[in-house]
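Everything below concerns the one structure shown next.
Nothing here was measured: the structure is a model prediction, and the numbers come from that model. Basis for what follows: all heavy atoms, side chains included, without hydrogens, waters or symmetry-related copies. Chain naming here is simple, since letters A, B, ... match the order of the sequence lines and numbering starts at 1 in each.
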Amino acid sequence: MSAVPEAVDPQARAAAAALTERTVNCEPSVEALASKIAGGKPLRVKLGVDPTAPDIHLGHCVVLGKLREFQDAGHIAVLVIGDWTARVGDPSGRSATRPMLSHDEILANAQTFREQAFRILDPARTEVRPNGEWFGKMGLAPMFELASRATINQLLRRNDFATRMADDRPVSVLELLYPLLQGYDSVELEADVEIGGTDQLFNLMLGRDIQSRYGMPSQVVMTMPILPGTDGIQKMSKSLGNYIGVTDAPEEQFGKIMSIPDALMAEYFRLMFSREPGPTGHPGEEKRRLGRLVVAQFYGEAAAATAEEHFNRVVRDREAPTEIGEYRIDGEEVHIPALLVDALGIGSRSEARRLVTQGGVALDDDPVNDLDMPADALRGRVLRAGKRRFVRLV
RNA sequence: GGGGGGAUGCCCGAGUGGCCAAAGGGAACGGUCUGUAAAAUCGUCGGCUACGCCUACGGAGGUUCGAAUCCUCCUCCCCCCA
């Protein structure tokens, strides 16, 4: 950070410094943020969300958490629901073009997203704006005007476009438009700050350009680190199946945390619980602590404790959970594969049969070896498939 | 407008007339181990009351005793030239 020419209000500087904690970028500078804060008006802090994958997971929480910090400091969160731009599909980090979504799907997704976002954001200080609001009625003339304010050269500098071009893989014109549209959102919303993951840096920066070409002050751009998924390799995302959702059951969240690679823990602590000390003790214990923190954040301390107990009981001690569903069996002779499919949701009878053959099915603690059993031998017992699927037969 | 390449199981990717329900890898699942980490290891991985039957290799037909493999048409994708 270079020295500020004219001393910005020290209080604003302190506030800006606090708000840039854990960020990767703050462009053009922290001072720029400070002087916006010093202006005295609540800042409009924009976050664009792409409603193609509606469920919010821990990865979103890093950015949403930052937004919440802004809210707590008296600023306004502006959530842009990309209902219109989702028809285009954000090419960020993607190696291939994405499919377009129908308008109905997008709206439903956006609604889900909004509900879940309020688990973190303060609804009173949040403005939610679908960008179809302005794009829906944008004619070709304003579109041309927008298009005239950016160059292909500029757009092609973007990394994933560049690599795809180099590999002779397709880049659609529509995708090329995406950053422009996102930038235009900032114009419409008069954003003072825009936040995103580091993979959004290009788009966010383009927003600055576009704003200034429309004659308004450029937004400050802040990026947050990308939270790796539970596999520890790729970024957390629903479509990759390596995510922990905010609406996942407490036991589910705890269990997923327990299964992440050790090497990931420090990162999770740092990005999600910066006020907590990082992992120092036994990895297993520290991971438990992380799991409790995650669950507590969404469901409270009590739920966190319960989730851990559940984990101890079911996973560590291999016992049946305290609460299990019941399944009513009819008839006298029961075909076990069929039962596993009906009662425990195993994918197919063939798969169920394999489970039995491989010793993965038990009644109470006795392994099941037969494919057919009399109903009397089943009633009142707990059927278990693998480590974590249970049902009580009645 | 012309020329070329391609579409295989959840994903990647072999296979060019029978030995193919389809190699190999990844993912996933089950067993052992364990801290539901990593690593290791054994096994499974289209369906079906099942030493057999059914459905499958982009779609529809055809050739053949027999096709993922050959032919025709169609759909979609990619590349090159104009």
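Whole-Å rounding puts the A/Leu340 CG to B/C29 C1' distance at 14 Å. Rounded to a whole Å, the NZ atom of A/Lys287 is 7 Å from the P atom of B/A37. Atom C1' of nucleotide B/U49 and atom CG of A/Asp370 are separated by 13 Å, given to the nearest angstrom. If you measure from atom CZ of A/Arg354 to atom P of B/G43, you get 16 Å, rounded to the nearest angstrom. Put simply, CD1 on A/Ile346 is 17 Å from C1' on B/G46, counting in whole angstrom units. Per the geometry, CG belonging to A/Asn242 stands 15 Å off C1' belonging to B/C11, to the nearest Å. For the pair A/Ile233 CD1 and B/A27 C1', the computed distance is 10 Å after rounding to whole Å. Rounded to a whole Å, the NE2 atom of A/His282 is 11 Å from the P atom of B/A37.
Base pairing of B/U55: no nucleotide in any strand meets the Watson-Crick or G-U wobble criterion (both distances under 3.5 Å). Pair assignment for B/G17 gives none, since no Watson-Crick or G-U wobble pairing has each distance under 3.5 Å. In this structure B/A68 sits in no base pair that meets the Watson-Crick or G-U test at under 3.5 Å. Across all strands shown, B/G26 is found opposite B/C10 as a Watson-Crick or G-U wobble partner, with both distances under 3.5 Å.
There is no side-chain donor-acceptor pair under 3.5 Å between A/Thr23 and A/Lys66. Residues A/Thr223 and A/Gln200 have side chains that never bring a donor and an acceptor to within less than 3.5 angstrom of each other.
The shortest side-chain heavy-atom distance between A/Ile195 and A/Val45 falls under the 4.5 Å cut-off.
A distance of about 14 Å separates the P atoms of B/G2 and B/C74, rounded to the whole Å. The same atom, P, is picked in B/A28 and in B/A38; the two are 10 Å apart, to the nearest Å. Remark: the separation of the C1' atoms in B/C12 and B/G31 is 28 Å, to the nearest Å. Distance noted for atom P between B/C71 and B/U63: 15 Å (whole Å). Taking atom P on both B/G25 and B/C77, the two are 34 Å apart, rounded to the nearest angstrom. A gap of 11 Å separates the P atoms of B/C45 and B/A23, to the nearest Å. Separation of the P atoms belonging to B/C42 and B/G26 is 13 Å when rounded to the nearest angstrom. Nucleotides B/A27 and B/C80 have their C1' atoms positioned 36 Å apart, rounded to a whole Å.
Within 6.0 Å of CD on A/Glu319 lie more than 12 heavy atoms contributed by other residues, nucleotides or ligands. The 12-atom threshold is exceeded at CD of A/Glu333, counting heavy atoms of other residues, nucleotides or ligands nearer than 6.0 Å. Crowding of A/Asp365 atom CG: a count of heavy atoms from other residues, nucleotides or ligands under 6.0 Å not exceeding 12.
Of the two residues near RNA chain B, A/Arg388 and A/Leu355, the one whose nearest nucleotide lies more 5' is A/Leu355. Between A/Gly347 and A/Glu251, the one whose closest nucleotide on RNA chain B sits nearer the 5' end is A/Glu251.
Using a 4.0 Å heavy-atom distance criterion, A/Lys256 is classed as making no nucleic acid contact. Contact annotation for A/Ser348: backbone-only contact, meaning every heavy-atom pair under 4.0 Å involves sugar-phosphate atoms and none involves a base. Here A/Arg318 lies in heavy-atom contact (under 4.0 Å) with a base. A/Gly284 comes within contact range of at least one nucleobase, with a heavy-atom separation under 4.0 Å. Contacts of A/Pro261 with the nucleic acid, taken as non-hydrogen atoms under 4.0 Å apart, involve only primed sugar atoms and P, OP1 or OP2. Residue A/Gly386 is in sugar-phosphate contact alone, with no base atom involved, counting any heavy-atom pair closer than 4.0 Å across all strands shown. Across all strands, A/Ile260 comes closer than 4.0 Å only to sugar-phosphate atoms, never to a base (heavy-atom distances).
The phosphate of B/A37 has neither OP1 nor OP2 within less than 4.0 Å of any side-chain N or O from A/Arg288. Regarding contacts with the backbone of B/C48, a side-chain N or O of A/Ser350 is found under 4.0 angstrom from either OP1 or OP2.
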Pair A/Glu308-A/Arg316, salt bridge (charged side-chain N to carboxylate O under 4.0 Å, His left out): steps then yes or no = CA-CA 10 Å; A/Glu308 184 171 13; A/Arg316 189 191 59 194; over 6 Å; no
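A donor N or O paired with an acceptor N or O is not found under 3.5 Å between the base of B/G31 and the side-chain atoms of A/Gln358.
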